[in-house]
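Quick notes on the structure that follows.
In what follows, every chain begins at residue 1, and chains take the letters A, B, ... in the order their sequences are listed.
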There are 2 protein chains.
Amino acid sequence: MNPGPSRPKAAPTVREVAELAGVSPMTVSRTLSGGKNVRREVQQRVMDAVATLGYHRNENARSIRPGHRSDLIGVAITNLANPYYGHFALGVEEVAAQHGRRMLLGNTGEDVAREKQLVSDFVGRQVEGLIVVPTGGAADHLKGTRLGDIPLVLASRTVRGLKADTVLIDDVNGAYESTKRILEAGHTRIGFLGNVISVATASRRYEGFCQALAEFGIESDPDLVTRGQQDAAAARKAMEALLALDDPPTAVFSTNNRNTIGALEAIGQRRLRDPKLSPPTLIAFDDVELAHLMQVPLLVVSHDPRELGAQAARMLFERLDHPERAKRARLIELPVVVGDILNQHRAKRRRAAGARPLP
Amino acid sequence: MNPGPSRPKAAPTVREVAELAGVSPMTVSRTLSGGKNVRREVQQRVMDAVATLGYHRNENARSIRPGHRSDLIGVAITNLANPYYGHFALGVEEVAAQHGRRMLLGNTGEDVAREKQLVSDFVGRQVEGLIVVPTGGAADHLKGTRLGDIPLVLASRTVRGLKADTVLIDDVNGAYESTKRILEAGHTRIGFLGNVISVATASRRYEGFCQALAEFGIESDPDLVTRGQQDAAAARKAMEALLALDDPPTAVFSTNNRNTIGALEAIGQRRLRDPKLSPPTLIAFDDVELAHLMQVPLLVVSHDPRELGAQAARMLFERLDHPERAKRARLIELPVVVGDILNQHRAKRRRAAGARPLP
DNA sequence: CTGTTAGCGCATTCAT
DNA sequence: ATGAATGCGCTAACAG
C-alpha cells in the first residue's frame, strides 16, 4: 500500500500532458508557446493538464534545438562578500532580467584556476554571453577561440593582452583629481593603501595618484606607499603602520572599499588610545556605508557599482542583439564623482592658519 | 574573400570532434567521461581535436538524458545589494561548488510575482534543488506539487502554511537576550525599528523584544515602535522621529542591518547639530561594518550570514544525497552571539550615578 | 486547426 | 577497445 520513500518522480513531459489533455504533444507545445493555431477550448484543456501535473517545460531540452537561445548568461566575480560586487551583481541581474535572461553566478575568490573552471562550465551550459571580473592572472582561457566565440565582457578590471569588451571605472582620472584636490588643500605627505598589483585597477589608481603628485613636484615617499592589501584586516595593519610613523602622512589615499574599511578601523582604534589624535584625511576610492559619519576627514571618490554591472550587461546584450556590428572590442570608462572633503574641521583650521603644514 | 561578419558559429559537437580525431562520436564521449576503454593514444588524438576546435561538451543536451543530474541549483534572494545577502549567496555558492553544483541566482526585490517567475524558470531549467529567501507574500508557487517535488530550502525567513526545510536565525531568542541585557543595564524606554511585518523575521524579532519587556514589567510604548522600514533611508527617518520625541528612548532595538545603518545616520547627523547629544544605546541585530567605531553605545546581535547560506545549501544537498531519508521538513535555528555593550561611556556614568535614568 | 516525422547533442546498450 | 543503434524532451517543417 505504502508507496514507500517515493523516488523523486521524473518530471512530467509534454507527452504526459498531451495524454492527459487528449491531444498530441505538438498541441501542447504550441499552446505553451503562445497558443497560435490552437482552439481556445483545447488550450484550456492543455493548461489544466499542465496545472494538475505540475508540468514545467524542460528548458534544457528546448535549448538544444537549433536556433534556440539558452537565455542564460554566465557571470564570474571575484568576491560576492564584498558589497561592491553585490551591487555589481544586482546591476547585471536586473538588466539580464529585462532582457529575459537568467544569470549563472560563480565566485572566483581571486583564483584564476577557479575562474577558468567556471568559465568553461558556463560555456558548456550554453550561456549566450559572459561577464567576468577577471582575477588578473594569466587568461588564456578567456581568449575568444577558447570561448567558442561567445561574447565576453570584462568588468571593473582589464587583462593584459586580452582584447574584449570592457567596462572600467575612470580610475586614473578619479585618482588624479582626488589626489590633486588634497594637494591643493595643502597636504604634502600622502600615504597610499593599495591592493595587489596584478589587479589592473590597483595600478591604474596608483598611476593617477602619482600623476597628481608629480604635477605638484612631490616625490612619492616609498615609506608611505603600501600595496597588496586584499582585505580589511590587511589594510588595517598597513594603516596602523602608517599612523605609527615618526612623520605620519597627513592624508592617505585608499584604493578601494576594503582598504577604506581597514583604514577607518585603524584610525578608530588608535583614537580610543589617543582621543586627541588628529586623523589623516582619507581619500576613499569607492564609497562605504557609514564612512562619512566616522569623524574622519574624508574625500570620497564614488561611483555606482550597480551601474557598472548594468553597463556591462548592456554591453553584452548589445553585442548579442547586433552580432553584425563591428567586431572591435569596445572600452567604456564610467565617470567617478569626486565629492567634497567632509568632516575637515582640523584641515580648515590648518588652512586658515595659512601656508602649508610642513614648511 | 572576406568571410564577412562571421555569424556566430554554432558550437562544435562531438561529431565534429570525432571526425577531426578520426574516431566515432562514441569514442569522444568516452574519452571525455574519464577515458575508460579508450587507448591512451586515441585519447590524445581526441583531446587534441577538442583543443583545436574549442569544444565544450553541451551540458544541456547531456542533462536531458535519463538519470543524469543537471548539477544546478536555483537560488532566489530578496536583495543582492544588501551585503547580508551577498555573504549569504557566497555561503551557498561555496557549498554548492564543493558539491560540484552551479548556482542560478535571481533577485526578487521582495516581489512575490518575481519570485514566482524565478522559481518556475529554475524548475524549467532542471535545477536539482531550490534555496529561497521568501518575500513573505502568498506562496502557493512554493508548494511541493508546483515544484515537481524538487527539494526546497527556505532560508532566513519562513512562510505561513508552507512545510519545507528551513534555516532560520534564532531571532526570538537573540532579540530576547539582547533586549534583556539592555533592560538589565537600566534602560526602560526602548524604541523599536522594524521592517515590514509580513516578513517573518520581523515578527520573530519583535516577539523576542516584547518578551523581554514583559518580563521586566514594561509596557511597550506604541510611540516608540516603528515598523515597515525596508531600506536605510526609511529607517533614518524613523530614527529621526524617535530622537525628536519630547521623551526620546534611551535605547533602540534595530531589527536588521538596513535599520541599523539608518539609525546611525540619523544619530550622526543629529550630532552634527548638537555635539553634546547623548545618543541612545543601539541594539543592532546583524553586524554592520564600521558600526562599532561610530561612538554610539552599541550592542550587536551577530551571526554569520555566510554560514546561514552554507547551512541552507548543506541541508539541500543532504536531501539530494539521501532522498530515502525521512521526508519531514526540518527546521534549523542558527544561534546568534549577543556581544558586549560597546562605547558605553555615558551609559556607564549614568549607571555609576545609581538608579534608573527616569524616576 | 491538429498530428506526424524528424533531429538537436549526447551517452546507454548492445554488438563487434 | 570501438562503433551502431536508439531515445532523452522538445519543436520546426511538413502533411492533412
Side-chain angles (χ1 to χ4, degrees), chain A residues 8-47 49-50 53-72 121 123-128 148, chain B residues 8-47 49-50 53-72 121 123-128 148:
Chain A
K9 322 184 226 323
T13 75
V14 259
R15 241 187 302 276
E16 298 170 52
V17 175
E19 196 164 345
L20 183 56
V23 294
S24 81
M26 208 38 235
T27 301
V28 175
S29 175
R30 273 194 269 259
T31 301
L32 264 36
S33 321
K36 275 270 175 243
N37 291 340
V38 182
R39 288 201 332 258
R40 284 232 166 281
E41 175 208 323
V42 178
Q43 288 194 39
Q44 192 52 54
R45 277 216 316 275
V46 170
M47 294 316 280
V50 165
L53 290 177
Y55 170 79
H56 291 259
R57 183 161 61 182
N58 185 330
E59 292 299 330
N60 288 349
R62 202 156 179 243
S63 80
I64 71 170
R65 303 194 40 71
H68 196 284
R69 303 185 326 207
S70 69
D71 285 341
L72 222 49
D121 184 272
V123 174
R125 290 177 191 281
Q126 312 305 111
V127 296
E128 295 177 56
Chain B
K9 323 184 223 328
T13 75
V14 260
R15 242 187 300 278
E16 298 170 51
V17 175
E19 195 163 347
L20 182 57
V23 295
S24 81
M26 217 25 248
T27 301
V28 175
S29 176
R30 274 194 266 259
T31 302
L32 263 36
S33 321
K36 275 271 173 244
N37 291 340
V38 182
R39 291 204 324 262
R40 283 234 167 280
E41 176 207 322
V42 178
Q43 288 194 39
Q44 192 53 53
R45 277 216 314 277
V46 170
M47 293 316 280
V50 165
L53 290 177
Y55 170 80
H56 292 258
R57 182 163 59 181
N58 184 330
E59 291 299 329
N60 288 350
R62 202 157 180 244
S63 80
I64 70 169
R65 300 190 41 67
H68 196 284
R69 303 186 325 208
S70 69
D71 286 341
L72 221 50
D121 185 272
V123 173
R125 290 177 191 281
Q126 312 306 109
V127 296
E128 295 177 54

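- To the nearest angstrom, C1' of dT2(D) lies 13 Å from CD of Glu41(B).
- Listed by chain and number, the residues in a side chain to side chain donor-acceptor pair (under 3.5 Å) with Asp121(A) are Arg125(A), Arg102(B) (sequence neighbours excluded).
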Using a cutoff of under 3.5 Å, can you pull out all pairs of nitrogen or oxygen atoms linking the protein to nucleotides 14-16 of chain D, with atom names and distances?
none

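- What separates CZ of Arg15(A) from C1' of dT4(C) is a distance of 13 Å, to the nearest Å.
- In this view, Arg15(B) and Thr13(B), Pro25(B) satisfy the side chain to side chain contact (heavy atoms under 4.5 Å, CB included) rule, not counting sequence neighbours.
- Closest approach to the Met26(A) side chain among dA12(D), dG9(D), dC1(C) is made by dA12(D) (side chain taken as heavy atoms from C-beta onward).
- Leu32(B) places its CG atom 15 Å from the P atom of dG9(C), with the value rounded to the nearest Å.
- When the side-chain nitrogen and oxygen atoms of Thr13(A) are compared with OP1 and OP2 of dG9(D), none of them lie within a distance under 4.0 Å.
- Using a 4.0 Å cutoff on non-hydrogen atoms, the parts of residues 57-64 of chain A near DNA chain D are Arg57(A), Asn58(A), Ala61(A), Arg62(A), Ile64(A), ordered by number.
- Of the candidate nucleotides dT2(C), dG9(C), dA13(D), dT2(C) has the atom nearest to the side chain of Val38(A).
- Contact check, Thr27(B) against dG3(D): a side-chain N or O comes under 4.0 Å of OP1 or OP2.
- Heavy atoms from other residues, nucleotides or ligands lying under 6.0 Å from CD of Glu19(B) number 12 at most.
- Atom-to-atom, CZ of Arg39(A) to P of dC1(C) comes out at 9 Å; the value is rounded to the nearest Å.
- With sequence neighbours left out, Glu128(A) forms a side chain to side chain donor-acceptor pair (under 3.5 Å) with Arg101(A).
- For the pair Val42(B) and Pro66(B), nearest-nucleotide mapping onto DNA chain D gives the more 5' position to Val42(B).
- Of the options Val42(A), Asn37(A), Val14(A), a side-chain contact (heavy atoms from CB on, under 4.5 Å) to Thr27(A) is made by Val42(A) and by none of the others.
- Whole-Å rounding puts the Arg125(A) CZ to dC10(C) P distance at 14 Å.
- A straight line from CD of Gln126(A) to P of dC8(C) spans 15 Å, rounded to a whole angstrom.
- For the pair Gln43(A) (side chain) and Val38(A) (backbone), a donor-acceptor distance under 3.5 Å is present.
- Between Leu72(B) and Gln126(B), every side-chain heavy-atom pair lies at or beyond the 4.5 Å cut-off.
- Taking atom NZ of residue Lys36(A) and atom P of nucleotide dT2(C), one finds them 14 Å apart after rounding to whole Å.
- Judged purely by atom type and a 3.5 angstrom limit, Thr31(A) has no side-chain atom pairing as donor or acceptor with the backbone of Val46(A).
- With sequence neighbours excluded, the residues forming a side chain to side chain contact (heavy atoms under 4.5 Å, CB included) with Leu20(A) are Ala49(A), Thr52(A), Leu53(A), listed by chain and number.
- Across the protein-nucleic acid pair, His56(A) atom NE2 and dC10(D) atom P stand 12 Å apart, rounded to whole Å.
- Side-chain proximity of Ser24(B) to dC10(D), dA4(D), dC8(D): nearest is dA4(D).
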